[in-house]
Structures are given as C-alpha cells and as structure tokens.
Amino acid sequence: MVEEYVTAIPKKSEDFSEWYVQIVRRAELADYTPVKGCMVYRPYGYAIWENIQEALDRRLKATGHQNAYFPLFIPESFLAKEAEHVKGFAPEVAWVTQGGGEELEERLAIRPTSEAIIMHMYAKWVRSYRDLPILINLWNNVVRWEKVTRLFLRTTEFLWQEGHTAHRTSEDAMEETLRIAEIYRDLVENELAIPVYIGRKSEQEKFAGAQATFALEALMPDGKALQAGTTHFFGQNFAKAFEIKYLDSDGEQKYAWTTSWGVSTRLIGGLIMVHGDDAGLILPPRVAPIQVVVVPIFYGNEQEEVIRKAHELAQMLIGAGLRVKVDDRDEYTPGWKFSEWELRGAPLRLELGPRDLAASSAILVRRDNRKKEKVGWDALISRIPVALEEIQSSLFQRAKEFRTANTRRTTDYVQFQRVMEEQRGFLLAPWCGEGACEDRIKADTTATVRCLTTDTAAGATCLCCDRPAAHWAYFAKSY
RNA sequence: CGGGGCGUGGCUCAGUUUGGCUAGAGCGCUUGGUUUGGGACCAAGAGGCCGGAGGUUCAAAUCCUCUCGCCCCGACCA
C-alpha cells in the first residue's frame, strides 16, 4: 500500500544509492549548495546532529573532558612538524594564501584536523606532571578537499568533534584511547541503534601520525562497512614533534603521551542507511528531532475541538520531556501527513479524530512496523515513553540481526573472494598482518581490513599466504 | 583523478538524433470553493531567456568548443 503513495522514491532494496539521496533531500535533512562539495545541514538534519552532540557531550563531560575552541587556520610550518601527519593530510588540505588583499608570508591551512595547532598550545601549557592530563574536546568544522561528494558521508566541509588529550604515561594515554572507543560504542549503539565492531586498525589503515588507531565499524544494508568513529593513540610522536615536555615527580623531563579521537556528521548518514525503509527514514527515538507527531483529523465543525485537544495532549507530553509536534496544517489531508511523517522518520504518530474524542483515546502508530494501538488519554504519558524504547531496541535488534547474518567466518581465500563478490558484508578471517597480503586482498576483492579482533589466532594460517596468522580480522568493502 | 551517465518552471521528465513560428506535460505552488480516519476534488492563476561562456547560422534547448555541477562504478579519505 505504501508503494502507491511514494512511487517517486526508489525502493531501498532496488536502488540504494538513489534511495539515499532522495530520502536525504525529501526528508529535508540536507541539500546541495552552489559551493562544490559543500552541503547545507537543514534544520531537521541539524536537529539530529544536535541530539547526537548532546548525547556525546554529556558522556565526555562525565569523564572529565572540557570543551574549547581552536583556530580554523593552521600555519603550514605547524602542519609540517609531524612527518607522517603532513604526508597523510597534505593532498587534501585547502590553503589560504591571501588576506586583506595581500599575499601571506606563510600560507595557512584550513584545518583538516587540529592536532598541529592544539599540540603547539599544549606545549606551552604543560610544565609539570601536575598539568596532566589535558582533556579537551572541540565541536567544530573541518575541511578536506575530497574528490567526491555524498551528503553526510563525504563532503569537503563537515561537522564533527575532535578530542585531543595529553597524558603523563603511555598507559594513561592508551586507557584514554580505549575509554573513548567505548564511549563511542555506547553512543552509536545505544543512541543511534547501530551495532558496531570495535578494533585496532592495520598499519596501512591507521591515522597519519598515530601509533595505533581504533575504529568503530558498522555494516550498511548494501553490505559495505562504514567507519563510524576513530580513536588514536599517538605515543610520543606528536609530543616530540611539538616539544610537549613535563617535569615528572622524579625530577626528569619527559615527553607527554597524546591521543585524539572523533566522530562526525557521517553518523547521520549511517543511521539513515541502517534504519530506513521503502517509505523513508526511520529515526531512532533517542536522536529523533520529533519523537511523536500528532495528526489531528477533523470534519467541518469538529475542527476546533480536535485541534484544541491535540495541542493539549501534546503539551502534556512535552511537559514529560518528549519531543512532540502537532501537524495542524489544514492544507493537507491526514493521509498526506501520514506519508510525509513516515518519509521523515518520526518514530511515533498519534492520530486524534472525532471517534477518538468520543472515546477519550487516540491511535498510536509505530513507524518501524506500522502497528496501531488505541491508547486512552490518561495512559499516553506512560505508554509513549515505553513505545519509544520498544522502537529504539527493536531498531537495534533488527540492525544487529542483519549484521550477524552478514558476518561470516572463513579461512579459505577462494570462499572469501566469492562471498566478498556475491554477498559482501563482514568477513572474519585470519591474517598474517603483512601489508603485502592486505594489498593483494584489496587488489583481488576491493575489500580492506576494517579492524583487528583480539581473538587468538594461534594455530591459524593467513588467509592468503603460508605464514601463521597474527590476528583474526574483519574485512569488508567500505564507504 | 580515471570510466560511464545526466543538467529544460520548485520536482519528475518530453522535446535534441534530422536547427525553424509563442518551449510542453504531470506533480507541486497561489487564490476561491467543496473536502479530510492512508498522499482528496473543481475552477482560475503565477512560474522557465532550456547549467554557464563562447562560436556556427537568416534562425540554436537542438550543432561545435570550453567550462561548472550532480549521479553511478573505480582509486583516495571520516
């Protein structure tokens, strides 16, 4: 029945890419701009980001992190201080070469990430072991001159948070790196309802300048993996490059240990893909800008009474901390609104018409499975939060089942290639850890090592050579 | 950046092969009226120098050159 209403939207199962673009634009999450590679985050899409921000910010502050802001511009010489870092980012940096009509003496990078400027400041701020740790987070934008655009998933400018910390010991820094990865997992799984695998990145895939990178990897419906967040352990690489030294309690000058970590608006792209269906978006209740949309249904003279009651019920729910909107536009029919809010992914719809008015009840409809239930006005305040939780956990379960069904274990390279070709998904396989095998797998299948597991690989042989395996690793094609 | 595709009212597209009169359709939008429990209907309107620049021609949405943008598939990245 949905089919006849939303024929203009391609089916998710038939043309996934086109479905994605249409949903993003028709649900008014984002739009293209005249600026190449740059997007507008429209209010409805930005509200999702604000909810994600709020959820993460709370977790970061609870673990002692503070927000701050650093400049958009980074002098070229700063970027160049850490050799691997500059090598990794140089190809995608945008440069400012003029200001106020004059040529700059030193060109300025528009930050692709802020390690360089932040490490410089940390070097000034750190004198003693008592100054550590420094736990700072930034909510900002960065620019990377990417070659292709995909709304939310890859744009020249994007929004994110980047955390940068400096610690007294290696252990402290590694602990921070892993703690943040867990916070990210908590955020992505419990707020966005997207299950993730967490693990260390291979040498080739790790962040430019890092000693170790940990990543959250989520599975999209087309069988490709999406990196949903990363945390980096820098060892003393940046501390040495930027001279972040402190006097320890034993009287010795030592280099600090640093980390950085980030998640971006790409998460929004992930949740669109993971949860949506042929009728449109399905937003997990915890990050949905509108959790309950109230649709009044009226005929002629009942209009006033129905709308009044709709607002009254909405106010009651808003008072209970829910995000509620009454769609009382009179230029659209109820059926039109139903479809519209399904397209926009509101988790719950509350229908209120004359029949309901007579019965002192309303019809509650779930977006994820379209199940309807009649709820008395008095029961709404208790029923709706429960229904939202049901949707939240049901979305997570559904995504998890899909991932489980599409995570396969193999030790056979021929089978590996076949599955990667025909079904995609995650493939868990033993790997020797050598770049040569990684390259060969990539050349043969376009799949890469998404992350390593901590499972013991004792006794196993590498998927594509004769050496003993060093790790079990998740492989997948990726975004 | 390589290969392929596409740019015509807000949207989806026809018209381009073979140049020709005032550039069309559906949806959407505006106004009025009737409607409203799964994308209502009638009537009257508004809205496009055909992505941009240059060229060929008596004449260009249509042909040529350049350019910009978007989509898909690769390579690179969050």
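Residue numbering restarts at 1 for every chain, and letters A, B, ... go by the order of the sequence lines.
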- Item | Quiz item: A:Arg144 side-chain donor-acceptor pair to B:C77 base, under 3.5 Å | no

- Task: Give one of base, sugar-phosphate or nothing for A:Glu351, where a contact means two heavy atoms less than 4.0 Å apart.
- Result: base

- Item | Integer-rounded Å distance: B:A78 C1' and A:Lys224 NZ | 14 Å

- Message: Given B:A78, B:C77, B:G37, identify the nucleotide with an atom nearest to the side chain of A:Arg154.
- Response: B:C77

- Message: Taking the nucleotide of RNA chain B with the nearest heavy atom to each, does A:Phe338 or A:Arg266 sit closer to the 5' end?
- Response: A:Phe338

- Message: Can you tell me the base-pairing partner of B:U31? Count Watson-Crick or G-U wobble geometry only, both distances below 3.5 Å, and say none if there is no partner.
- Response: B:A43

- Take atom C1' in B:C13 and the same atom in B:C21, then report the distance between them in whole Å. 24 Å

- Could you let me know what B:U56 is paired to, Watson-Crick or G-U wobble, both distances under 3.5 Å, or none if it's on its own? none

- Query: Relative to each other, are the rings of A:Phe234 and A:Phe207 parallel, tilted or perpendicular (30° and 60° limits)?
  - Reply: tilted

- Message: Rounding to an integer number of Å, can you tell me how far A:Arg370 CZ sits from B:G38 C1'?
- Response: 9 Å

- Query: Could you give the CD1-to-P distance, from A:Ile297 to B:G38, as a whole number of Å?
  - Reply: 8 Å

- Message: Between C1' on B:C13 and CD on A:Gln22, what's the gap in Å once rounded to a whole number?
- Response: 13 Å

- Reckon A:Pro354 touches a base, only the sugar-phosphate, or nothing at all at heavy-atom distances under 4.0 Å? base

- Item | Rounded interatomic separation in angstrom, taking NZ from A:Lys477 and C1' from B:A75 | 14 Å

- Task: Could you work out which one of B:C29, B:G37, B:G38 sits closest to the side chain of A:Lys372?
- Result: B:G38

- Task: Name the nucleic acid region contacted by A:Leu153, choosing base, sugar-phosphate or nothing; use a 4.0 angstrom heavy-atom cut-off, strictly under.
- Result: base

- Remember a base hit wins even if backbone is also touched, and classify A:Thr155 as base, sugar-phosphate or nothing at under 4.0 Å, heavy atoms. base

- Message: Please list all pairs meeting salt bridge (charged side-chain N to carboxylate O under 4.0 Å, His left out) that have one or both residues in residues 154-165 of chain A, counting only residues at least two apart or in different chains.
- Response: none

- Would you say A:Tyr32 reaches B:C68's phosphate, i.e. side-chain N/O to OP1/OP2 under 4.0 Å? no

- Query: Looking across every strand, which nucleic acid part, if any, lies under 4.0 Å from A:Ile363 by heavy atom: base, sugar-phosphate, or nothing?
  - Reply: base

- Query: Rounding to a whole Å, what distance do you find between A:Asp15:CG and B:C72:C1'?
  - Reply: 9 Å

Quick test: give all pairs of protein nitrogen or oxygen and nucleotides 3-6 of chain B nitrogen or oxygen below 3.5 Å, distance rounded to 0.1 Å.
none

- Message: Just by distance, no angles: are the side chains of A:Ser202 and A:Gln204 close enough, under 3.5 Å, to form a donor-acceptor pair?
- Response: no

- Message: Check this one for me: any side-chain N or O of A:Ser17 less than 4.0 Å away from OP1 or OP2 of B:C72?
- Response: yes

- Message: Can you tell me how the ring of A:Phe233 sits relative to the ring of A:Trp257, calling it parallel under 30°, perpendicular over 60° and tilted otherwise?
- Response: parallel

- Item | Any donor-acceptor N or O pair under 3.5 Å, side chains A:Tyr41, A:Asp31 | no

- Over how many whole Å does the gap from A:Leu357 atom CG to B:U36 atom P extend? 17 Å

- Message: I'd like to know if the side chain of A:Asp356 pairs up with that of A:Trp377 as donor and acceptor (distance under 3.5 Å, no hydrogens or angles considered).
- Response: no

- Task: Look at the side chain of A:Thr149 and decide which nucleotide, out of B:G38, B:A78, B:C71, has an atom nearest to it.
- Result: B:C71

- Candidate nucleotides B:G74, B:G38, B:U36, ranked by approach to the side chain of A:Thr446 - the nearest: B:G74

- Message: One thing to verify: whether A:Arg308 and A:Glu304 come together as a salt bridge, which I'm taking to mean a side-chain N less than 4.0 angstrom from a carboxylate O.
- Response: no

- Query: Which nucleotide, B:A40, B:A78, B:G37, lies nearest any side-chain atom of A:Thr333?
  - Reply: B:A40

- Item | Side chain of A:Glu146 (C-beta onward), nearest among B:G37, B:C76, B:G38 | B:C76

- Closest-nucleotide ordering on RNA chain B, the 5'-leading residue of A:Cys38 and A:Ala228: A:Cys38

- Message: Can you tell me which nucleotide in B:G69, B:G38, B:G39 comes closest to the side chain of A:Lys36?
- Response: B:G69

- Sugar-phosphate only, base, or nothing, as touched by A:Arg150 at under 4.0 Å among non-hydrogen atoms: sugar-phosphate

- Is the NZ or CZ atom of A:Lys325 both under 6.0 Å from the centre of the six-membered ring of A:Trp341 and within 45° of that ring's axis? no

- What is the nucleic acid contact for A:Gly37, judged by heavy atoms within less than 4.0 Å: base, sugar-phosphate only, or nothing? sugar-phosphate

- Of all the choices, B:U36, B:G37, B:G39, which nucleotide is nearest to the side chain of A:Glu340 once you look at every atom? B:G39

- Between B:A78, B:G37, B:C29, which one does the side chain of A:Phe158 approach most closely? B:A78

- Query: Quick one: do A:Lys206 and A:Glu203 make a salt bridge, cutoff under 4.0 Å?
  - Reply: yes

